[in-house]
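Taking it in order: structure first as structure tokens, then the write-up.
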Amino acid sequence: MIDARLRATNPTAGTVTHAMPEGHTIHRVAEDHNKWFAGQMLKASSPQGRFADGAKKLNGKLLYRVHAHGKHLFYEWGDSTLHIHLGLYGKFRRHKTPPPEPRGAVRLRVIGEDRAFDLNGPTACELLSKAEFQKLRSRLGEDPLRDDADPEIAWQKISRSRSAIGQLLLNQSVIAGVGNVYRAEILFLLGLHPSVKGNELNRREFDDIWELTVRLLKIGKRYNKIIITNPIDVGKPRSKMNSSERLLIYKKPHCTVCETAVHVWQLASRKIYSCPVCQPERA
DNA sequence: TTGATTGTTACCGG
DNA sequence: TCCGGTAACAATCA
């Protein structure tokens with residue numbers, strides 16, 4: 001069970017990070033309590049006063065039974081749950097043992113027999129009660145990577161919404177795990193304008209979105225990167241692709257299919273890239 | 001040094 | 001209630 005590869009939020013918007021440290025022992029927690037709980041997200045769910053208790057509970061614990069849902073990781077500990085969310089830049093960094101002195105913002109150090117992991121970056125890392133876990137879990141939508149995912153539930157939410165599909169894809173309570181890069185690439189590949197409303201999509205279009213999302217997230221999980229392009233077209237295996245070869249529309253000045261200038265705009269407070277020709281607006 | 005960011009939440013107003 | 005926009009958070013990178 002060691003090194004189960006699980007997906008989590010990370011700098012690459014929902015792809016896998018390093019192998020997750022399951023079956024290892026927490027050796028150290030950050031001394032800088034304020035830094036640990038710096039983010040608003042953490043303040044909301046973890047009052048600072050609880051840190052000391054949490055840190056004590058964390059130290060020396062064995063991490064076991066990890067599972068991912070969307071961009072969240074959960075380690076079960078009997079009645080409580082360690083919740084980790086890697087945010088924008090968080091990641092698990094793997095070391096051999098003994099690991100070097102921690103550098104930068106190391107939140108958590110996990111030590112195994114032959115390897116160690118540092119959790120660093122502005123990440124969520126908190127201990128949740130059963131009720132808190134249930135509450136968080138209930139706010140998450142279907143994760144296309146999970147065996148128990150039910151696309152019907154996602155379809156109900158999307159088909160009843162007047163929001164743009166470009167918004168809905170980023171909404172973790174609709175589909176959990178899609179980030180800004182995936183949303184741009186998914187809509188581009190399907191020729192859908194990001195402004196098309198959820199309730200304007202037909203079932204066939206939703207099925208295409210779901211299937212493509214599953215496929216892309218699986219590739220991302222496997223290669224630890226968001227990879228959209230076909231390796232045959234690029235002429236090298238996926239593991240060797242560089243960043244400009246992996247994507248089709250995100251941050252591209254010109255459409256990689258028709259060479260039209262890519263339209264860059266804001267949707268859901270995030271930059272969205274779309275091709276005015278390949279993704280026509282709907283009347 | 002500066003600005004942007006592959007993420008999320010709280011809050012406010014329509 | 002639903003929906004859109006904005007601010008805040010903070011490490012990292014160009």
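Chain letters run A, B, ... following the sequence lines, proteins first and then strands; every chain starts at 1. Predicted model, so just to flag it, every value in this text is computed and none were measured.
With rounding to whole Å, A:Glu132 atom CD is found 16 Å from B:dT9 atom C1'. Across the protein-nucleic acid pair, A:Leu140 atom CG and B:dT9 atom P stand 8 Å apart, rounded to whole Å. Whole-Å rounding puts the A:Lys71 NZ to B:dT5 P distance at 16 Å. A:His69 has its NE2 atom 12 Å from the P atom of B:dT8, to the nearest Å. The distance between atom CD1 of A:Ile84 and atom C1' of B:dT8, rounded to the nearest whole Å, is 17 Å. Rounded to whole Å, atom P of B:dG7 lies 12 Å from atom CG of A:Leu169. The separation between A:Gln172 atom CD and B:dG7 atom P is 8 Å, rounded to whole Å. Computed from coordinates, the A:Leu136 CG to B:dT8 P distance equals 11 Å when rounded to whole Å.
A salt bridge links A:Arg203 to A:Glu152: at least one charged side-chain nitrogen sits closer than 4.0 Å to a carboxylate oxygen.
Note that the CH2 atom of A:Trp155 and the CZ atom of A:Arg160 stand 10.5 Å from one another [nearest 0.5 Å].
Side chains of A:Leu247 and A:Glu185 form a contact here, defined as non-hydrogen atoms less than 4.5 Å apart. Inter-residue side-chain proximity for A:Lys236 and A:Pro231 is flagged as unmet; no heavy-atom pair is nearer than 4.5 Å. Side-chain contact between A:Ile249 and A:Ser274: absent, with no pair of heavy atoms (C-beta onward) separated by less than 4.5 Å. Contact annotation: the side chain of A:Phe206 approaches that of A:Pro151 to within less than 4.5 Å [non-hydrogen atoms, C-beta and beyond]. Side-chain atoms of A:Leu216 and A:Val178, non-hydrogen and from C-beta on, never get closer than 4.5 Å to each other. Using a 4.5 Å heavy-atom cutoff, the side chains of A:Thr213 and A:Tyr182 are not in contact.
Taking side-chain N and O atoms only, A:Lys271 has no distance below 4.0 Å to OP1 or OP2 of B:dA4. Between A:His85 and B:dG7 there is no side-chain polar atom (N or O) within less than 4.0 angstrom of OP1 or OP2. Contact annotation: A:Arg270 reaches the phosphate of B:dG7 (side-chain N/O to OP1 or OP2, under 4.0 Å).
Ring planes of A:His72 and A:His83: parallel class, angle under 30° (limits at 30 and 60°).
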Using a cutoff of under 3.5 Å, can you pull out all pairs of nitrogen or oxygen atoms linking the protein to nucleotides 1-5 of chain C, with atom names and distances?
from, atom 1, to, atom 2, distance (Å)
C:dC3, OP1, A:Arg162, N, 3.3
C:dG4, OP2, A:Ser163, OG, 2.9

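Taking a pair as Watson-Crick or G-U with both hydrogen-bonding distances under 3.5 Å, the stems of three or more pairs touching DNA chain B are B:2-5 with C:11-14, B:7-14 with C:2-9.
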